[in-house]
Structures are given as structure tokens and as C-alpha cells.
Amino acid sequence: MRSNALCAGIATTAMPPEAPVHAVCAMSVEAWGVRRRARHLRVVQVGIGGRPPAGMRGIVISAGLCGGLLAEHAPGTVVIATQVVDEQGVAHACDPGVVAALERAAYYLRLPFVGGSLISTSGMVTGAARETWAGRGHVAVDMESAGAAESAERFGVLRVILDTPSRELSAAWAEPARAIRQPANWGEAIWLGINAPRYSLRVGAVLEAAFLGNIDPEV
């Protein structure tokens, strides 16, 4: 896991017009976080488990929240994946230049972040399934990144860990509208209401620093 660092200097970075950056988000709170902090990026909201249109031009970032698979990664840890793997074992390598830009931004913002492999599944991963996927070499899990990777010319992943092995969420949250109607989930709803927006803003902040703001290119 990489740790926080201070930048030695500041330099402006900007994506050229021929390389638009699209942030693919599942939930409205994730899209809100990106739009609030990285206002000039293009946001594509696909819904939980959804995928964007095929053949998207430029850079596509699968952006939002994820589940952590390792106990040492606390909620709020930024995940900058080097590859995404689907449940059939098909791997999609993340663009090295995109990965580097996101890492520099995380350094600049002094945020804890981790690289490695992200598993993209068809359903929420909880309980023993976390240990299973971790044992196969993955650090985090989501439900959209594999689909986004298949739609992109250049692809990256920027996620923030929301739930962890020690801070589990009910699988009912795969359908938030239904979960919120169940009193058993109201305690989790309060926790989510505080942390999901906060971590979604963190996603937007890293995107802003990576593609629109000032970061140190030498870090």
C-alpha cells in the first residue's frame, strides 16, 4: 500500500481536447461527488451493475465507491487499480498513464491509497466471499468496472473503499430503495448517509487534481 506524501513542486496538468475524460458512476451520490468537485468532467451514470455505451472516446474512469477486501484498508482508502478482473477471469489492464495521473493526484492530496487488482462482480460481496476474492489476489470489489473497461479506449479505476471486512454492509443495499424501507437497515442508512457523500467527494477531488488541477508531475 502506498502512503501519503507531500509534493516538491506544483505544475499545471490539463487533458488535451482530443482526450475527453468520462467518469462512469453507478449511483447518484457518486455522480454528485464528481460533479461537485470535478465540474468540467463528463459524468455518465449507469446504475448499480450497469455499463456505459460501447466505444467511448478518450479516457474512461470507473469512479465511485467500492468494497475493501483486506482488513488493513480502512473506509476512505482510495483504490487506484492497475487491472480489473471479471468473475470469469477476464482481465482488463488499466492505462498506465491514467494510473500515474491518479496516483500523483492522491499524493498531492495526501490521501492514503492502494493499487492492485479489483474484482468486478455481478452482486455485492460480503462475508466469506471477501476472503475468497482477497485470496485470489484482489484488493477491492465493485460491480461496474469490468463493463466500463470493455467500453473504453483508455481506461482507469478510481474508487474509495466504503465497506470492509470489519465494517460490513447488508447485501440488501444492492437495491437501496428497497433496503431503506426495512427498519433493520436504518442504522446502516445513517452511516451511509454520512460517509457515502463524503467519500464520493473524495473521488471527485482526486479526479479534479488528476485531470483539471495542479499536481506535481515528478512525484
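Side chains included, hydrogens not; waters and symmetry mates left out as well; all remaining heavy atoms used. Numbering of residues begins at 1 and proceeds along the displayed sequence.
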>> Tell me if a side-chain donor or acceptor on Thr121 pairs with a main-chain N or O of Met143 at a distance below 3.5 Å.
In response: no
>> So which atom in Glu188 and which in Glu168 form the shortest heavy-atom distance, rounded to 0.1 Å?
In response: OE2-O, 3.6 Å
> Which heavy atom in Leu70 sits nearest to a heavy atom in Ala134, and how many Å separate them?
Replying inline: CD2-CB, 3.7 Å
> In terms of side-chain heavy atoms, does Ser120 have a donor or acceptor partner in Asp142 at a distance below 3.5 Å?
Replying inline: yes
>> Go through it in stages, so that I can follow the logic: the residues are Leu201 and Trp32, the test is side chain to side chain contact (heavy atoms under 4.5 Å, CB included), and I'd like the CA-CA distance, side-chain angles, deciding distance and then a yes or no.
In response: CA-CA 8 Å; Leu201 286 171; Trp32 167 82; 3.6 Å; yes
>> Would the distance check show the side chain of Glu144 and the main-chain N or O of Val24 forming a donor-acceptor pair, the cut-off being under 3.5 Å?
In response: no
>> Assess the residue pair Val34 and Cys25 against the criterion (side chain to side chain contact (heavy atoms under 4.5 Å, CB included)); give the C-alpha distance rounded to whole Å, side-chain angles, the decisive distance to 0.1 Å, and a yes or no.
In response: CA-CA 9 Å; Val34 174; Cys25 302; 3.9 Å; yes
>> side chain to side chain contact (heavy atoms under 4.5 Å, CB included) for Leu69 and Ile119? Distances and angles first, verdict last.
In response: CA-CA 10 Å; Leu69 298 179; Ile119 177 70; 4.0 Å; yes
>> Could you check whether any side-chain N or O of Arg130 sits under 3.5 Å from a backbone N or O of Gly68, counting only pairs where one atom can act as donor and the other as acceptor?
In response: yes
> Can you name the closest pair of heavy atoms from Ala106 and Phe113 and give their distance?
Replying inline: CB-CD2, 3.4 Å
> Which is it for Val44 and Met56 under the side chain to side chain contact (heavy atoms under 4.5 Å, CB included) test, yes or no, and what are the steps along the way?
Replying inline: CA-CA 11 Å; Val44 180; Met56 295 182 70; 3.8 Å; yes
> Can you name the closest pair of heavy atoms from Gln45 and Met27 and give their distance?
Replying inline: NE2-C, 3.6 Å
>> Given the ring of Trp133, does Arg136 sit roughly above its face, with NZ or CZ under 6.0 Å from the centre of the six-membered ring and within 45° of the axis?
In response: yes
> Can you name the closest pair of heavy atoms from Leu207 and Ala38 and give their distance?
Replying inline: CB-CB, 4.2 Å
> So, for Ser200 and Glu30, which heavy atoms are closest and what is the spacing to 0.1 Å?
Replying inline: OG-CA, 3.6 Å
> With a 3.5 Å cut-off and no angle check, do the side chains of Ser145 and Ser62 form a donor-acceptor pair?
Replying inline: yes
> Donor-acceptor pair, Arg39 side chain versus Arg36 backbone, under 3.5 Å?
Replying inline: yes
> Are Val21 and Leu102 grouped together when hydrophobic residues (ILVMFWY) are joined by side-chain heavy atoms under 4.5 angstrom apart?
Replying inline: yes
> In this structure, which one of Leu109, Leu65, Leu158, Leu111 forms a side-chain contact (heavy atoms from CB on, under 4.5 Å) with Arg202?
Replying inline: Leu111
> In Å, rounded to the nearest 0.5 Å, how long is the span from CD1 of Ile59 to CZ of Phe155?
Replying inline: 12.0 Å
